[in-house]
Every structure is written in C-alpha cells, then in structure tokens.
There are 2 protein chains.
Amino acid sequence: MNKDTRQRIVEAARELFWLKGYGSTSIADILSRSQVNSGSLYYFFPGKQDVLTAVLEAYRDGIGAMLLEPAWGGIEDPVEKVFALLALYRRALVETDCTYGCPIGSLALELHEPDPPVRELMAANFAAWVAAVEAQVRAAADRFPANTDFRALAELVLNVMEGGVMQARTFRDIAHFDRAIAQLRAHFDALTEKQRAA
Amino acid sequence: MNKDTRQRIVEAARELFWLKGYGSTSIADILSRSQVNSGSLYYFFPGKQDVLTAVLEAYRDGIGAMLLEPAWGGIEDPVEKVFALLALYRRALVETDCTYGCPIGSLALELHEPDPPVRELMAANFAAWVAAVEAQVRAAADRFPANTDFRALAELVLNVMEGGVMQARTFRDIAHFDRAIAQLRAHFDALTEKQRAA
DNA sequence: GTCTATAAAAGGATAGAC
DNA sequence: GTCTATCCTTTTATAGAC
C-alpha cells in the first residue's frame, strides 16, 4: 500500500476523467476515490495537469493489452479485427446506456488549448490507434484497390467511430452508432468488391 | 443598450463557450466580455446553465442564416453543397490554426451528464444539420443506388466532419481533416459510380 | 512517503439600493 | 433593468509534523 500509491492515483483519475471529464473532476474527487491524502498526491505530482499526462501515458502504454487484445481475441481475419474493435466501443456504449465516451476523444474536445505535453499525448494515443487499424487493413491489402491510402482508411475508421460515439451519446440512442458503423461496412464492401472486379 | 443586454450576454457566452468550453468559462468571463453586471445577468437567467441553453437555442435557430446560407451561396449542385459546407469547417480550422472546434461537437463531448434540456438542444442542433445534408443528397437521389439510406449517409457526413475536426485539432494539422474529407468524397464517388453502372 | 490543517484564490449566486 | 458589494462554497495547492 505504499509504492502503488501513485498507481492508485492514476487509476482513480483515469476513471474519473472518463466518467466526468477533466475539468469537472476535482483533486478532492481523486483523493477520495483513490483513498490518498492531499500530501501524497502532491508528493508524486506537481499539479492536476501532471496527473492528466500520467493518465494519457497509461492509455498510450495500455492500448495493446487493454484495448486491442481483448477486442481481437480469437479473431483471425484482419478486416474483422477492425470491426471487432468497433464492436467493443458499441458494447461500452450499450453497457453504459449510451453514456460512454471514448476517453481520448472526450478529452481532445474538452481541452481547448491544451499544453503541449497534453496535446502530444492525445495525438500519440490517436496515432497508436490508427497505426493498429492501418496494420490490419494493410494485412488485407490484396482485397483493396491497388491505390488504396491505408492510413487515410484507418483514420476514416477512427473518425467514424468518434463521430458515432458522439451521436449515440448525444441522442442516447445506439442506433446512431450502428448506422455509422453500417456506413463504414458498406464502404469497406464497396472497396473490396471493386478490387474483385478488377 | 437595454433590451439587447440579454442578447449581448448570449453572444459573449457563445463566443466564450466556443473558445474555452463551457466549464472553463466563468460567469465573470461572460460579464467582462459582454460589459454587463452580475445583477443584470441573473435578472435574465436563473443560472449559468440557462445561459448555455440560450446559446444552444441561438445556434439551432441560426443554422440556416449563419451556417448553411453562407456555405451555399452561389452553389447549385446538391452534392457540391454538402462539400461546400465541409469546406466552411475547413476554412474555420485554417483560420484558427487548427484550434477551431465545432461548437456543438465540443460541448457534446465536454458535458458528460448534461441535464435533459441541454442534451436535447445539442441533439436538435445535430438533427437540424443532418436534416439539411439529407435534403441535399435526397435532391440528388437519382445519382445514388436505389436502396441508399439517405439519413445514414447524411449522418456519415456529420460523423466524418466531427472526427476530422477532432483529429486536425489534436494534431494541429489540417491534413488530417483533408484526408477525412477525401475519404468521404471517394465514398460518394463510389456510390454514384455504382448507380451509373446499374 | 504520509498525515492534518489551512492558506489563497476563483467560482456561482444573492441582496438591496437605485 | 441595472448597480455595487458581498456571501458561501469549491478548488488548487502548501506547510509542517510525523
């Protein structure tokens, strides 16, 4: 219960930032949830923003073990891995009555002028997500037209997911997310069909 | 300078919520920017959240005159109207060094548990935007396959725009937005080509 | 490394004269 | 409808003993 104090703080902050956002989470909230006293938090972190950077580092470092591996367990086909990842976001939405938000996306739009370290960590998180998706579509490169921009395609997946989460949350209706993903699936089908025709 | 006091408050709040977000904008900020005193603001509004609903109502009521008409001036083709609307968002991003955020999208992700009136007004704003885009693609219905889901297509436009804005802001790089729109254009081209082939 | 107490400031909101 | 002054709470952060 001593050296993991820092980790308890980061974990509590991660949950609270996800549940309530950064601005609406007070230091007192973090202390209460992590069962840590003020003095200890400020021993590890100069201030609240440094807790945020630690949280963003945790997301970045955990994207494989915490997000991709759970989503991809047992799935072989690279394209289906992409949609299995999206299905994970759908599940999170359903389980939270469409209250869930992608933690990185929410922070990205909440923080209007983030200090450089914060912004760069958010960008690093998005970049890692896109790189993982890009690797999958690239692994199925033979199904796509020869001139396919795989990075842009992977970014499209991220954009549609983030947009779909935003709409589902705002309307409190998973159908918005489902329509978003259906449109993406249709786009993928059209691309692969185009290749088969060629 | 008396009956427009309320309007000055709403306008100042609109700008500040857009620049800094809702949580980071204080009542004192709004008073200072609108040159209004505390007593006057609380004469018109019970509290800060009521200022937010007034701002969201202003966005909803102004979507035609403030957003669509400026975007569509001189453009006839319905599909090009859709992309002209997206070009307006691009311009806003470029002019603000990729600091711009869609005001509704930012609020939608910042406010994690918005009270019903706030959430419904955000939804009404998105719905009006989507309806406007849907009307355009429907006006070009003959170019799309017969089974096209025009609402879902219009929602895709919104989702890609919101995602593209999020990425461009986070990376401070308009190329992210441009790739997002290019993917959307490719999707439209594929749909209309499919129809021509049929 | 952790504890309690508290400083110091900012925030939303109200009172009451005019 | 507007003005000034101010209350009350929350919030970030620090001090100093242990």
Side-chain angles (χ1 to χ4, degrees), chain A residues 1-56 58 106-107 110-118 121, chain B residues 1-58 106-107 110-119 121:
Chain A
M1 282 279 190
N2 47 1
K3 185 51 188 74
D4 65 350
T5 296
R6 191 196 135 99
Q7 195 177 340
R8 287 220 313 286
I9 295 168
V10 173
E11 179 59 18
R14 195 183 62 76
E15 293 172 10
L16 288 165
F17 294 164
W18 170 69
L19 287 168
K20 316 176 31 169
Y22 175 73
S24 299
T25 296
S26 69
I27 298 282
D29 289 334
I30 298 172
L31 297 177
S32 147
R33 187 170 191 112
S34 60
Q35 298 284 38
V36 163
N37 294 303
S38 170
S40 294
L41 188 147
Y42 283 100
Y43 172 80
F44 289 107
F45 300 98
K48 186 181 174 185
Q49 179 174 284
D50 303 275
V51 179
L52 174 59
T53 62
V55 166
L56 289 169
S106 295
L107 288 169
E110 174 185 354
L111 305 172
H112 284 238
E113 288 182 351
D115 291 63
V118 170
L121 277 166
Chain B
M1 282 280 188
N2 47 1
K3 185 51 189 77
D4 64 350
T5 296
R6 190 195 137 100
Q7 196 177 341
R8 288 220 313 286
I9 294 169
V10 173
E11 179 59 17
R14 195 183 62 76
E15 292 172 11
L16 287 165
F17 293 163
W18 170 68
L19 286 168
K20 316 177 30 170
Y22 175 72
S24 299
T25 297
S26 69
I27 297 281
D29 289 334
I30 298 172
L31 297 177
S32 147
R33 187 172 191 112
S34 59
Q35 297 284 39
V36 163
N37 292 305
S38 169
S40 295
L41 188 148
Y42 283 99
Y43 172 79
F44 287 108
F45 300 98
K48 185 182 175 185
Q49 178 175 285
D50 303 276
V51 179
L52 173 59
T53 62
V55 166
L56 289 169
E57 284 164 358
S106 296
L107 288 169
E110 173 186 355
L111 305 172
H112 284 240
E113 288 181 352
D115 290 64
V118 170
R119 196 176 59 70
L121 277 166

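Note that this is a predicted model, so its numbers are computed, not measured. Only this structure's heavy atoms are used, side chains among them; waters, hydrogens and symmetry mates stay out.
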Rounded to the nearest Å, what distance is computed from the [atom1] atom of residue [X] to the [atom2] atom of nucleotide [N]?
X: B:Gln35; N: D:dT2; atom1: CD; atom2: C1'; answer: 14 Å
X: B:Tyr43; N: C:dT14; atom1: OH; atom2: P; answer: 16 Å
X: B:Lys48; N: C:dT14; atom1: NZ; atom2: C1'; answer: 18 Å
X: B:Ile30; N: C:dA13; atom1: CD1; atom2: P; answer: 10 Å
X: B:Ile27; N: D:dT9; atom1: CD1; atom2: P; answer: 18 Å
X: A:Tyr42; N: D:dA15; atom1: OH; atom2: P; answer: 12 Å
X: B:Leu16; N: C:dG11; atom1: CG; atom2: P; answer: 12 Å
X: B:Asn37; N: C:dT14; atom1: CG; atom2: P; answer: 17 Å

>> Need one value for A:Ser24: base, sugar-phosphate or nothing, where a base atom within 4.0 Å counts as base even if backbone is also close, heavy atoms only.
In response: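 Nothing, no heavy atom under 4.0 Å.
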>> I'd like to know if the side chain of B:Asp29 pairs up with that of B:Ser32 as donor and acceptor (distance under 3.5 Å, no hydrogens or angles considered).
In response: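 No, because no side-chain N or O of B:Asp29 sits under 3.5 Å from a partner of the opposite role on B:Ser32.
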> Start at the 5' end of DNA chain D and walk down; is the nucleotide closest to B:Ser40 or to A:Gly23 reached first?
Replying inline: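 Looking at DNA chain D, the more 5' nearest nucleotide goes with B:Ser40.
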> Is it true that a side-chain atom of B:Arg8 and a backbone atom of B:Ser34 form a donor plus acceptor pair closer than 3.5 Å?
Replying inline: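 Checked: pair present.
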>> Tell me whether B:Arg14 contacts the main-chain N or O of B:Val55 through its side chain, where contact means a donor paired with an acceptor under 3.5 Å.
In response: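 Such a contact is absent between B:Arg14 side chain and B:Val55 backbone.
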> Does B:Thr5 make a side-chain donor-acceptor contact with the base of D:dT2, cut-off 3.5 Å?
Replying inline: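 No, the side chain and the base share no sub-3.5 Å donor-acceptor pair.
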>> I'd like to know if A:Ser38 reaches the base of D:dT12 with its side chain, counting only an N/O donor and acceptor under 3.5 Å.
In response: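 Checked by distance alone, the answer is no.
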>> Quick check: closest heavy atoms across B:His112 and A:Phe17, and the distance to 0.1 Å?
In response: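 Heavy atoms only, the tightest pair is CE1-O, 4.0 Å.
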